[in-house]
Protein chains: 2
Amino acid sequence: MPKKATSEENGRLSGTQSIERALLLMREIAAHNRTGSRLLDLASRTGLQRPTVHRMLKCLTVQDMVLQDADTHRYFLGPMVFELGLTAAPRFNLREICHPAMTRIAEATGDTVFLTQRSGLDSVCVDRQEGTFPIKTFTLEIGMRRPLGVGTGSLAILSGLSEEEVKHVIVSNTPRLSEYGLTPTSLQAQVKRAQKLGYAVREMPTLAGVRSVGQALHNQSGIAFAALSVSAISSRMSEKRVAELAALLKNETRFVEKQLANGDRR
Amino acid sequence: MPKKATSEENGRLSGTQSIERALLLMREIAAHNRTGSRLLDLASRTGLQRPTVHRMLKCLTVQDMVLQDADTHRYFLGPMVFELGLTAAPRFNLREICHPAMTRIAEATGDTVFLTQRSGLDSVCVDRQEGTFPIKTFTLEIGMRRPLGVGTGSLAILSGLSEEEVKHVIVSNTPRLSEYGLTPTSLQAQVKRAQKLGYAVREMPTLAGVRSVGQALHNQSGIAFAALSVSAISSRMSEKRVAELAALLKNETRFVEKQLANGDRR
DNA sequence: GCTGCTGGTCCATATTACGGACGGTGTGAC
DNA sequence: GTCACACCGTCCGTAATATGGACCAGCAGC
């Protein structure tokens with residue numbers, strides 16, 4: 001019996017199937033916003049039927065949430081997404097709070113600095129500051145979303161969660177990890193190591209010759225929700241320098257955490 | 001016969017009723033994101049039933065598109081909106097392109113500079129740069145959305161559209177204009193005046209004692225899609241200075257238009 | 001404790017969204 | 001030229017889904 005794809009997968013009737021599907025589409029489009037997505041790809045990646053996807057995209061296009069390139073027929077996030085984002089931004093001003101710290105780090109190190117933020121089971125790159133060193137390592141685009149633990153800032157966040165939450169996240173993300181050259185056990189080991197060190201370091205598994213250091217930002221209850229990290233080519237990342245960078249990052253994260261404690265949100 | 005509120009208002013069956021409604025809700029929440037919105041207000045403002053609104057908000061909350069304050073029960077735009085906005089931003093980089101021009105203007109004039117962008121029948125404030133003059137006139141929040149023609153940058157955009165489009169916009173927005181102290185005929189007259197002058201000027205109808213000048217940005221086909229504007233208290237806005245500011249703005253908009261023509265999108 | 005106002009939930013109903021099947025368009029092979 | 005293929009887009013009968021009237025629950029002010 002090939003499983004009737006009806007009602008609800010877990011048994012509850014939510015009454016919002018189409019909204020859930022539309023948002024699933026939006027996230028899928030966002031995940032490939034650089035190249036854009038074709039109708040068929042969206043259908044297969046989301047597991048929805050072509051006509052359904054098409055009908056929804058037509059609606060989203062009319063509403064300016066999605067933009068279709070007239071020539072290639074590819075779909076991108078639309079202007080309304082950007083505009084709603086502008087309106088939402090003031091409530092999520094971590095970026096502005098961290099901005100001075102990030103420029104300080106970029107100036108001090110010459111390398112590229114990233115601000116990463118937790119979003120459910122994922123982490124999202126929220127900001128990036130280039131350093132002055134001529135060989136740049138842009139491992140992350142702003143807006144990029146990846147499973148928690150992939151990427152060094154992301155690993156720092158994961159390592160700053162409670163024991164059971166770490167387990168929960170890794171288990172939930174298991175099917176997606178292999179895409180990034182990770183397994184649940186290898187990731188669990190890396191979390192352990194980061195917890196021992198007090199910061200996250202690693203060679204990028206996806207990009208040889210680049211090494212990063214990450215330090216988590218914690219909220220008042222002491223659990224991690226974001227991270228600052230620095231990336232550079234491995235030749236600039238001796239053991240000694242890594243330790244120095246970790247200390248520098250720790251200083252800055254402490255400073256930001258203090259600011260957040262004083263009235264600011266999050 | 002009290003009109004059965006069913007099917008479709010114009011006769012076409014779109015097949016996406018709930019997505020349209022969900023997005024209507026999102027826009028309504030965005031329009032009041034500073035104070036947040038209560039369930040009943042959203043229901044009455046959108047014309048939807050309370051249970052429908054509630055069900056949708058529950059779904060949107062789970063998906064992080066909407067955030068509900070635990071104490072007040074008020075609804076706000078959620079973190080996912082911000083994150084999707086980050087991903088969409090690179091395609092809509094007018095803001096970055098205009099940034100240098102805006103700081104130049106702010107430094108030269110000492111007053112506050114606004115970047116406004118068209119979005120359908122509305123205009124959205126996309127960026128703001130404060131000047132050094134101690135009395136600030138923050139007439140627009142970033143992300144603020146208003147009918148085209150309300151606000152000086154917005155008026156400059158409207159005045160740069162084709163004759164029939166101006167008419168179409170004003171007619172479509174008629175019911176919303178009174179809220180801002182305007183009528184279709186008064187707005188039409190202001191458009192005429194701005195077209196004659198080559199720029200938009202006016203006292204803020206909603207805020208006495210503040211005067212602004214706006215100059216539109218045009219795409220390659222010569223139609224307006226955005227505007228730069230400057231606001232200050234009226235005492236700093238003599239006829240002579242208004243003309244000077246208009247010339248300054250014209251220089252900068254020309255410059256930005258040239259950049260846009262060279263390869264950059266939009 | 002009663003009244004008014006709000007947020008939140010239930011569930012029978014019929015409206016809405018689904019998706020199999022088909023038409024249309026553009027491209028590359030020969 | 002036309003055949004084949006891959007993809008985008010649309011139609012429409014069907015049943016699953018979203019709807020909204022009715023109801024419950026919490027809270028503030030008389």
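- If you measure from atom CG of B:L57 to atom P of C:dG8, you get 9 Å, rounded to the nearest angstrom.
- Using a distance-only test at 3.5 Å, with no hydrogens or angles considered, a donor-acceptor pair links the side chain of A:T72 to the main chain of A:R74.
- Listed by residue number, B:R38, B:L39, B:L40 are the residues of residues 36-44 of chain B with a heavy-atom contact under 4.0 Å to DNA chain C.
- For B:T52, counting side-chain heavy atoms from C-beta on, the closest listed nucleotide (C:dC22, C:dG7, D:dG20) is D:dG20.
- With hydrogens and angles ignored, the 3.5 Å screen pairs a side-chain donor or acceptor of A:H32 with a backbone N or O of A:E28.
- OP1 or OP2 of D:dT10 sits under 4.0 Å from a side-chain N or O of A:K58.
- Looking at A:S18 and B:S18, their side chains do bring a donor and an acceptor atom within 3.5 Å of each other.
- Distances shown here put a side-chain N or O of A:Q17 below 4.0 Å from the OP1 or OP2 atom of D:dT17.
- As judged by a 4.0 angstrom heavy-atom cut-off over every strand, B:H73 is placed among residues touching the sugar-phosphate backbone only.
- One atom, CZ of A:R74, and another, P of D:dG9, lie 13 Å apart when rounded to the nearest Å.
- Separating the CD atom of B:Q49 from the P atom of C:dT16 is a distance of 13 Å, rounded to the nearest angstrom.
- Contact annotation: A:R55 side-chain N/O to C:dC18 OP1/OP2 distance is under 4.0 Å.
- Checking the phosphate oxygens (OP1, OP2) of C:dA17, a side-chain nitrogen or oxygen of B:S18 falls inside 4.0 Å.
- In this structure, A:Q68 reaches the D:dG9 phosphate: one of its side-chain N or O atoms is under 4.0 Å from OP1 or OP2.
- Applying the 4.0 Å criterion to OP1 and OP2 of D:dG20, one finds that B:R21 has a side-chain N or O inside that range.
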* Verify salt bridge (charged side-chain N to carboxylate O under 4.0 Å, His left out) between A:E165 and A:R118, making sure each step is shown before the conclusion. => CA-CA 13 Å; A:E165 195 146 20; A:R118 182 180 177 185; 3.3 Å; yes
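- Side-chain polar atoms of A:R27 and B:Q63 form a donor-acceptor pair below 3.5 angstrom.
- B:D71 has its CG atom 15 Å from the C1' atom of D:dG26, to the nearest Å.
- Checked by atom type and distance alone, the side chain of A:N173 never pairs as donor or acceptor with a backbone atom of A:R176 at under 3.5 Å.
- A:T87 and B:R145 form no side-chain donor-acceptor contact under 3.5 Å, judged by distance and modelled atom types alone.
- Contact annotation: B:H54 does not reach the phosphate of C:dG7 (side-chain N/O to OP1 or OP2, under 4.0 Å).
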